[in-house]
Amino acid sequence: MDKRNYDVAIIGGGPAGLTAGLYTARARLSSLLIEKGLFGGQITNAERVENYPGFPEGISGFELGQLMYQQAAKYGLKTVTAEATGIELREGQKVVKTTEGDFTAKAVIIAGGSKRQTLGVPGEEQFIGKGVSYCATCDAAFFRELPVAVVGGGNAAITEALHLAKFASKVIVIHRRRQLRATRILQERAFAEPKIDFRWDATVESIEGEDFVKRLRLNQVITGGKLTLEVAGIFVSIGFKPDTDYLKSILPLDAVGHIITNEKMETEVAGILAAGDIRNNSGRQAITAAGDGATAAIYAERFLTES
Ligand SMILES: Cc1cc2nc3c(=O)[nH]c(=O)nc-3n(C[C@H](O)[C@H](O)[C@H](O)COP(=O)(O)OP(=O)(O)OC[C@H]3O[C@@H](n4cnc5c(N)ncnc54)[C@H](O)[C@@H]3O)c2cc1C
């Protein structure tokens with residue numbers, strides 16, 4: 001790649017990064033987006049997206065990601081397939097280190113997303129989108145009047161279980177301990193919800209089915225006994241892991257590794273912003289990531305005009 005110097009460098013080509021790129025490119029800022037994998041990000045894995053405005057019939061996640069990419073590229077966003085491995089601050093510039101060499105920019109927007117932790121059990125990968133989900137907000141409506149399981153015991157898992165109870169015939173929370181980690185109020189709500197049941201001290205050993213999930217094999221951690229659970233879906237809610245190790249030395253991160261930003265998506269370092277699932281308190285949805293991306297681009301532009 002010939003050009004090495006840009007007004008804005010964006011790390012990550014999911015909904016947050018592509019929206020940021022659309023905005024900065026349309027603002028006539030020279031903009032480079034660095035993506036290590038598929039343009040479109042995690043939403044490309046969604047079978048059907050029904051909660052992104054503008055598509056009343058829903059749209060496949062892959063197509064949505066492609067459309068975002070095409071729209072940003074149309075307005076001049078440049079892209080490179082490379083992994084960002086570090087950022088250095090040098091004489092008012094930011095140097096983004098990548099597997100395809102260094103790029104300099106006056107402002108950087110980090111939009112690398114956050115991976116949902118997986119169980120790593122047989123069947124999990126095979127049935128993603130066919131009964132295995134990591135997002136009740138996204139997929140609960142596909143399980144109307146069907147029995148489902150939720151794995152986890154924290155705030156996110158119990159919130160997902162309560163949301164699922166509005167759709168599913170039964171929600172079974174599988175937790176490896178005897179006590180939930182979720183706040184007392186969420187616990188009270190879950191215990192009071194007649195559709196929610198609990199399998200304590202249990203872990204998932206495998207996920208089985210044919211075209212779609214049919215059953216789970218559980219391991220009872222105290223007795224070592226086995227259990228079979230007939231469900232049509234399993235929602236895994238055991239945490240997130242952003243890929244931010246390479247940023248540790250320059251940016252404050254929260255306990256899990258998410259980037260701390262203010263409401264303008266600014267980090268503590270002037271001219272470095274973060275958007276989407278990689279930042280703390282993100283809504284973890286395509287539309288919230290896109291919104292963050294737009295906000296980050298607006299304040300990156302303001303930073304450039306004021307500095
Ligand atoms: C199966 C599935 C179904 C979903 N369904 C829905 C749904 O129906 N509705 C909804 O709103 N949301 C849904 N989501 C959630 C949604 O996909 C995410 O909230 C959204 O994609 C987050 O956007 P993002 O841009 O912040 O991050 P991501 O989409 O995760 O994109 C980040 C990108 O950055 C790249 N990257 C990371 N680190 C680096 C690096 N160091 N260098 C270069 N590139 C890097 C990654 O390869 C990735 O492409 C779903 C998610 C999954 C997994």
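Start at 1 and go down the list; that is how both ligands and their atoms are numbered.
With values rounded to the nearest 0.5 angstrom, Ile59 atom CD1 is found 9.5 Å from Tyr52 atom OH. A distance of 5.0 Å separates CG in Leu22 from CD in Gln71, rounded to the nearest 0.5 Å. In this structure, Leu33 CG and Ile109 CD1 are separated by 9.5 Å, a value rounded to the nearest 0.5 Å. To the nearest 0.5 Å, atoms CD1 (Ile158) and CG (Leu180) are separated by 4.5 Å.
Using a cutoff of 4.0 Å between basic side-chain nitrogens and carboxylate oxygens, Asp292 and Arg279 are scored as salt-bridged. Between Lys214 and Glu210 there is a salt bridge, since at least one side-chain N of the basic residue sits less than 4.0 Å from a carboxylate O of the acidic one. A salt bridge links Arg178 with Asp201: the distance from a Lys NZ or Arg NE/NH1/NH2 to an Asp or Glu carboxylate oxygen falls below 4.0 Å.
Using 4.0 Å as the threshold, Pro15 has a heavy atom nearer than that to some atom of ligand 1. The closest approach between Phe39 and ligand 1 stays at or above 4.0 Å for every heavy atom of the residue. Every heavy atom of Ile278 sits 4.0 Å or more from the atoms of ligand 1. Look at Thr85 and you'll find every heavy atom at least 4.0 Å from all atoms of ligand 1. Proximity of Ala290 to ligand 1 is not established, as no heavy-atom distance is less than 4.0 Å.
Applying the 4.0 Å criterion to heavy atoms of Gly12 picks out, from ligand 1, the atoms 33 (C), 34 (O), 35 (C). Each of the following atoms of ligand 1 lies closer than 4.0 Å to a heavy atom of Ala289: 22 (C), 23 (O), 24 (P), 26 (O). With ligand atoms numbered from 1 in the order given, ligand 1 contributes 40 (C), 42 (N) to contacts under 4.0 Å with heavy atoms of Ile11. Interface atoms of ligand 1 facing Gly13, defined by a heavy-atom separation under 4.0 Å, are 33 (C), 34 (O). Within the listing of ligand 1, atoms 41 (N) sit less than 4.0 angstrom from a heavy atom of Tyr246. Of all atoms in ligand 1, listed by their number and element, those nearer than 4.0 Å to a heavy atom of Leu38 are 49 (O). Numbered from 1 in the order shown, with element, the atoms of ligand 1 that lie under 4.0 Å from a heavy atom of Ile34 read 43 (C), 44 (N). Listed by number with element, the atoms of ligand 1 under 4.0 Å from a non-hydrogen atom of Gly276 are 26 (O).
Between Ala84 and ligand 1, a contact under 3.5 Å exists for at least one N or O pair. Some N or O of Ala286 is nearer than 3.5 Å to an N or O of ligand 1, by distance alone. Close N/O approach between Gln285 and ligand 1 is found [any backbone or side-chain N/O within under 3.5 Å]. Remark: ligand 1 and Asn51 share an N or O pair separated by less than 3.5 Å (distance only, no angle test). Close N/O approach between Asp277 and ligand 1 is found [any backbone or side-chain N/O within under 3.5 Å]. Looking at ligand 1, you won't find any N or O of Glu50 less than 3.5 Å from one of its N or O atoms. By the 3.5 Å distance cut-off applied to N or O atoms, Ala16 is counted among the residues near ligand 1. No N or O atom of Ile287 sits closer than 3.5 Å to an N or O atom of ligand 1.
Between the Arg215 side chain and the Val231 main chain, no donor and acceptor come within less than 3.5 Å of each other.
Seen from the ring of Tyr246, Lys248 does not count as a face-on cation partner, given the 6.0 Å and 45° thresholds. Judged by a 6.0 Å distance limit and a 45° cone about the ring axis, Arg26 is positioned over the six-membered ring of Tyr75.
Residue Tyr134 is grouped with residue Val204 when hydrophobic side chains (ILVMFWY) are merged at heavy-atom distances under 4.5 angstrom, including chains of intermediate members. No chain of hydrophobic side-chain contacts below 4.5 Å, direct or via other Ile, Leu, Val, Met, Phe, Trp or Tyr residues, connects Val80 to Leu38.
Among Lys36, Arg284, Gln42, the residue whose heavy atom sits closest to atom 52 (C) of ligand 1 is Gln42. By heavy-atom distance, the residue among Gly61, Gly112, Pro242, Gly41 lying nearest atom 32 (C) of ligand 1 is Gly112. The option from Arg116, Glu83, Arg48 that lies nearest to atom 51 (C) of ligand 1, judged by heavy atoms, is Arg116.
For atom 13 (C) of ligand 1, the closest non-hydrogen atom of the protein is Cys138 SG, 3.3 Å. Closest to atom 46 (C) of ligand 1, if we only count protein heavy atoms, is Glu35 OE2, 3.5 Å. Distance from atom 4 (C) of ligand 1 to its nearest protein heavy atom, with residue and atom name: Ala46 CB, 3.7 Å. The nearest protein atom to atom 27 (O) of ligand 1, hydrogens excluded, is given as Gly113 CA, 3.3 Å; this is a heavy-atom distance. Scanning the protein for heavy atoms near atom 31 (O) of ligand 1, the closest one is Gly14 CA, 3.4 Å.
Side-chain contact of Thr137 with His163: a donor-acceptor pair under 3.5 Å is absent, judged by distance alone. No donor-acceptor contact under 3.5 angstrom links the side chains of Ser114 and Asp277, judged on distance only.
Classified by interplanar angle (parallel below 30°, tilted 30° to 60°, perpendicular above 60°), the ring pair Phe198/Trp200 is parallel. Note: Phe235 and Phe143 have perpendicular aromatic rings, judged against thresholds of 30 and 60 degrees for the angle between ring planes.
Contacts with ligand 1 closer than 4.0 Å are made by backbone heavy atoms (N, CA, C, O) of Ala82 only, the side chain lying farther away.
The one candidate from Arg90, Lys97, Arg4 that meets the side chain to side chain donor-acceptor pair (under 3.5 Å) condition with Asp102 is Lys97.
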